[in-house]
**Q** 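My questions will all concern the structure given below.
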Amino acid sequence: MLGKLTTIHLKSMMKYLIRRTKMKVEIKVISPEMAQQLLSNNEANRNIKPRQVDRMARDILGDRWQVNGDAIRIATDGTLIDGQHRLSA
């Protein structure tokens, strides 16, 4: 479900980011196995907040999760920079 962002908005945002930066942008569905692999490279993020993870997991399972433009950020060396709560859910 795309929520308030449409596919057109997402494609436009991706084209802009690719043109203006050297970052790589992809929209992917993350499997539990992929999430676990990404979380294994979580070296310097803040502590996980279990309540936040539980709330996100309930939203995902209840089909209330919405794409909002927030990215899972991964450094070129594979280190997880942002997204640990979403990946944990």
Side-chain angles (χ1 to χ4, degrees):
M1 177 175 3
L2 291 177
K4 294 182 181 182
L5 288 178
T6 65
T7 303
I8 294 169
H9 287 116
L10 290 170
K11 286 181 181 178
S12 176
M13 184 172 34
M14 286 174 56
K15 286 178 185 177
Y16 172 80
L17 289 171
I18 291 167
R19 234 184 10 254
R20 303 293 261 165
T21 69
K22 294 184 184 220
M23 73 175 68
K24 182 178 176 185
V25 178
E26 296 179 58
I27 295 178
K28 288 186 172 185
V29 174
I30 304 294
S31 70
E33 295 79 20
M34 289 171 67
Q36 196 61 32
Q37 182 177 2
L38 291 168
L39 286 165
S40 72
N41 293 319
N42 185 19
E43 299 175 3
N45 281 308
R46 61 187 174 202
N47 293 332
I48 297 270
K49 296 177 183 173
R51 279 187 185 164
Q52 187 172 348
V53 171
D54 290 344
R55 180 181 48 81
M56 288 179 175
R58 282 193 307 274
D59 285 346
I60 291 167
L61 292 171
D63 200 28
R64 293 181 302 275
W65 182 257
Q66 294 184 1
V67 174
N68 63 7
D70 285 347
I72 304 294
R73 292 173 187 87
I74 304 161
T76 54
D77 69 357
T79 301
L80 180 63
I81 297 171
D82 185 30
Q84 67 178 356
H85 286 87
R86 285 167 279 157
L87 290 168
S88 294

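Values below: every heavy atom of this structure, side chains too, minus hydrogens, waters and symmetry copies. In this text the structure is predicted, and so the values were computed from the model without any measurement. In this chain, numbering begins with 1 at the start of the sequence shown.
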**Q** Atom CE in Met56, atom CG in Leu87: separation rounded to 0.5 Å?
**A** 10.0 Å
**Q** Report yes if the side chains of Arg86 and Ile30 come closer than 4.5 Å at any heavy-atom pair, otherwise no.
**A** no
**Q** In Å, rounded to the nearest 0.5 Å, how long is the span from CD1 of Ile74 to OG1 of Thr79?
**A** 10.0 Å
**Q** Quick one: NE2 on His85 to CZ on Arg46, what's the gap to the nearest 0.5 Å?
**A** 5.5 Å
**Q** Check the hydrophobic clustering (I, L, V, M, F, W, Y; side-chain heavy atoms under 4.5 Å; chains of links allowed) and say if Leu80 and Met34 are grouped together.
**A** yes
**Q** Please check: side-chain N/O of Arg58 versus main-chain N/O of Arg64, any donor-acceptor pairing under 3.5 Å?
**A** no
**Q** State whether the number of non-hydrogen atoms from other residues, nucleotides or ligands found under 6.0 Å of Gln36 atom CD is greater than 12.
**A** no
**Q** Could you grab the distance from atom CG of Leu38 to atom CD of Glu33, nearest 0.5 Å is fine?
**A** 12.0 Å
**Q** Could you give the distance from CZ (Arg73) to CD (Gln84), rounded to the nearest 0.5 Å?
**A** 12.5 Å
**Q** Rounded to the nearest 0.5 Å, what's the gap from CD1 on Ile72 to CD1 on Ile27? Could you check?
**A** 12.5 Å
**Q** May I ask you to check whether over 12 heavy atoms, not counting those of Asn47, lie within 6.0 Å of atom CG?
**A** no
**Q** Which atom pair, heavy atoms only, marks the closest approach of Leu39 to Ser88?
**A** CD1-OG, 3.7 Å
**Q** Do you know the tightest heavy-atom contact between Ala57 and Ala89?
**A** N-CB, 3.6 Å
